[in-house]
Amino acid sequence: MSESLLTILPPDAMPTTVDRVKEQMRITGDDDSQDGMIERLIGAAVGMVERDTRRVLVTRTMRLALDDFPRKPPGVVHLPAVPVASIVSVKYLHAETGIQQTLSAASYRLDAAHEPGRLEPAHGETWPAVRKMLGSVTVDFVAGAAADELPEDLVHAIIMIAAHLYENAEATTTLDLKAVPMAVETILARYRRPTL
């Protein structure tokens, strides 16, 4: 069974500010031309940390598309993002009519404490039959945490990466490539989720 995952609502806040990155780089004064670039580098740093740790750092709404619900008991849908905060909706194409239906929240149960999160039919329920088409099932869910709830050491890793990207913005060769500060690896190792 194939699946795809995409962000449908991006984060509405980043875990750090341009001013904190400028403080790390000891940049004083206001230069609006720098601020835009630093803001983009913060986004890039967040993406790098998320890929490295295999965690969603800041809250966003994501969509998992499946061709069908899992049919073998217990019929668990694994939500491939950590952590999962809540389910927005579970929709499917009706097997006979092909019309999209939304499942009642009472018909399924989220196990958000597990990594990755798991979704299963509620006690006494089963997943409905769906039309045999690609992407017949969509699960919209919220993953991540509020930007201000991120541990301070992870925020500092993001700041260090953004500052490093700013200071090493030009293309380099392997002869003069500067490594990201060792402290970043030490911090990220604490939060890195094992490969499943």
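Here the structure is a predicted model, which means the values were calculated and not measured.
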Can you name the side-chain hydrogen bond (donor to acceptor under 3.5 Å, both in side chains) partners of R26, sequence neighbours left out? none
Side-chain touch L64/M62, heavy atoms, less than 4.5 angstrom: no
Any chance CD of E39 has more than 12 other-residue heavy atoms, nucleotides or ligands included, within less than 6.0 Å? no
Residue pair R118 / L110, side-chain heavy-atom distance below 4.5 Å: no
To the nearest 0.5 angstrom, please state how far the CG atom of L150 sits from the OG1 atom of T59. 10.0 Å
Can I get a per-line list of side-chain donor-acceptor pairs under 3.5 Å for residues 72-82, giving both atom names and the distance, sequence neighbours left out?
none

Only counting residues at least two apart or in another chain, list the ones meeting side-chain contact (heavy atoms from CB on, under 4.5 Å) with L134. D67
V139, L5: one ILVMFWY side-chain cluster at the under-4.5 Å cut-off? yes
Sub-4.5 Å side-chain heavy-atom contact between L119 and R109: no
Exam field: side chain T53 to backbone Y191, donor-acceptor pair closer than 3.5 Å: no
Working note: L188 + L154, criterion side-chain contact (heavy atoms from CB on, under 4.5 Å); need CA distance, chi angles, decisive distance, verdict. CA-CA 7 Å; L188 298 187; L154 266 181; 3.7 Å; yes
Between T7 and L9, is there a donor-acceptor pair closer than 3.5 Å when you use the side chain of the first and the backbone of the second? no
Within the side chain of R131, is there an N or O that forms a donor-acceptor pair under 3.5 Å with the backbone of E96? yes
Give the minimum heavy-atom separation between G144 and A85, together with the two atoms involved. O-CB, 4.2 Å
Side-chain (S89) to main-chain (K91) donor-acceptor, under 3.5 angstrom: no
May I ask you to test the L41-V21 pair for a side-chain heavy-atom distance under 4.5 Å? no
Using every non-hydrogen atom in the two residues, find where P10 and R60 come nearest and quote the distance to one decimal. C-CB, 4.0 Å
Got a sec: does the CD of Q101 have more than 12 other heavy atoms crowding it under 6.0 Å? yes
Here the pair of heavy atoms bringing M14 nearest to A147 is O-CB, 3.6 Å
Evaluate side-chain contact (heavy atoms from CB on, under 4.5 Å) for E120 paired with D111, printing each intermediate quantity in order. CA-CA 8 Å; E120 67 177 357; D111 175 8; over 6 Å; no
I need the full list of salt bridge (Lys or Arg N to Asp or Glu O under 4.0 Å) pairs touching residues 136-157, with sequence neighbours left out, sorted by first then second residue. R20-E152, R63-D140, D153-R190
Quick one, L93 and V130 - any side-chain contact, counting heavy atoms below 4.5 Å? no
Salt bridge (Lys or Arg N to Asp or Glu O under 4.0 Å), that's the test. Do E115 and R54 meet it? Break it down for me. CA-CA 11 Å; E115 292 188 356; R54 291 180 287 285; over 6 Å; no
How far apart are the closest heavy atoms of A45 and A162, and which atoms are they? CB-N, 3.9 Å
Determine yes or no for a side-chain-to-main-chain donor-acceptor pair under 3.5 angstrom, with R55 supplying the side chain and E50 the backbone. no
Any ring-ring contact (aromatic ring centres under 6.0 Å, His included) involving residues 93-133? Give me the pairs, sequence neighbours left out, ordered by first then second residue. F69-W127
What distance do I187 atom CD1 and M182 atom CE have between them, rounded to the nearest 0.5 Å? 12.0 Å
Do P15 and I158 make a side-chain contact, defined as non-hydrogen atoms from C-beta onward lying under 4.5 Å apart? yes
I would like to know whether T61 and V88 meet side-chain contact (heavy atoms from CB on, under 4.5 Å); could you show each step before the answer? CA-CA 8 Å; T61 302; V88 176; 4.2 Å; yes
Test side-chain hydrogen bond (donor to acceptor under 3.5 Å, both in side chains) applied to Q34 - qualifying residues, sequence neighbours left out: Y166
Should L57 and V142 be counted in the same cluster of Ile, Leu, Val, Met, Phe, Trp and Tyr side chains packed under 4.5 Å apart? no
Within-4.5 Å side-chain heavy-atom neighbours: Q24 and H164: no
Is any side-chain heavy atom of V84 less than 4.5 Å from a side-chain heavy atom of P116? no
Can you see which heavy atom on P128 is nearest to which on R71, and at what distance? O-NH2, 2.7 Å
I would like to know whether D68 and K132 meet side-chain contact (heavy atoms from CB on, under 4.5 Å); could you show each step before the answer? CA-CA 7 Å; D68 196 353; K132 301 299 180 195; 3.1 Å; yes
In this structure, which one of M37, R40, M48 forms a side-chain contact (heavy atoms from CB on, under 4.5 Å) with L165? M48
How far does CG of D52 sit from CZ of R193, to the nearest 0.5 angstrom? 12.0 Å
